[in-house]
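Worksheet: one structure, shown below.
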Amino acid sequence: MKRIMRTVYQYPLVHCYLACGHMITVHSEDINKSSSPSSFECWACKEGSKKANEKGFLS
């Protein structure tokens with residue numbers, strides 16, 4: 001899970017900028033503003049780590 005550093009609401013999308021430097025975009029109806037998440041699982045970091053492990057590098 002990566003911490004959300006900044007959230008930009010651009011109806012109908014919500015852009016969540018993560019601490020790792022990646023951005024996750026979701027539909028606004030998927031996020032309730034009153035209970036917005038403070039972190040997201042970053043699929044890009046997860047994929048990069050998986051590829052590094054396949055090549056024999058530690059993540």
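Computed from a predicted structure; not experimentally measured.
Listed by first then second residue, pairs satisfying salt bridge (charged side-chain N to carboxylate O under 4.0 Å, His left out) with a partner in residues 40-49 read Glu41-Lys46, Glu47-Lys50, not counting sequence neighbours.
Hydrophobic cluster membership of Met5, counting Ile, Leu, Val, Met, Phe, Trp and Tyr whose side-chain heavy atoms lie under 4.5 Å apart directly or via other members: none, as it forms a cluster of its own. Hydrophobic clustering, defined by side-chain heavy atoms of Ile, Leu, Val, Met, Phe, Trp and Tyr closer than 4.5 Å, groups Met23 together with Val8, Tyr17.
Side-chain heavy atoms closer than 4.5 Å link hydrophobic residues (I, L, V, M, F, W, Y) into clusters, and following such links, possibly through other members, connects Trp43 to Val14.
Every side-chain contact (heavy atoms from CB on, under 4.5 Å) that Ile4 has, sequence neighbours left out, goes to Thr7, Cys16, Leu18, Pro37, Phe40. Remark: His15 pairs with Gln10, Thr25 by the side-chain hydrogen bond (donor to acceptor under 3.5 Å, both in side chains) rule, at least two apart or across chains.
Counting heavy atoms from C-beta outward, His22 and Cys42 have side chains that approach closer than 4.5 Å.
Cys45 contributes atom SG, which lies 4.5 Å from atom NZ of Lys2 (distance to the nearest 0.5 angstrom).
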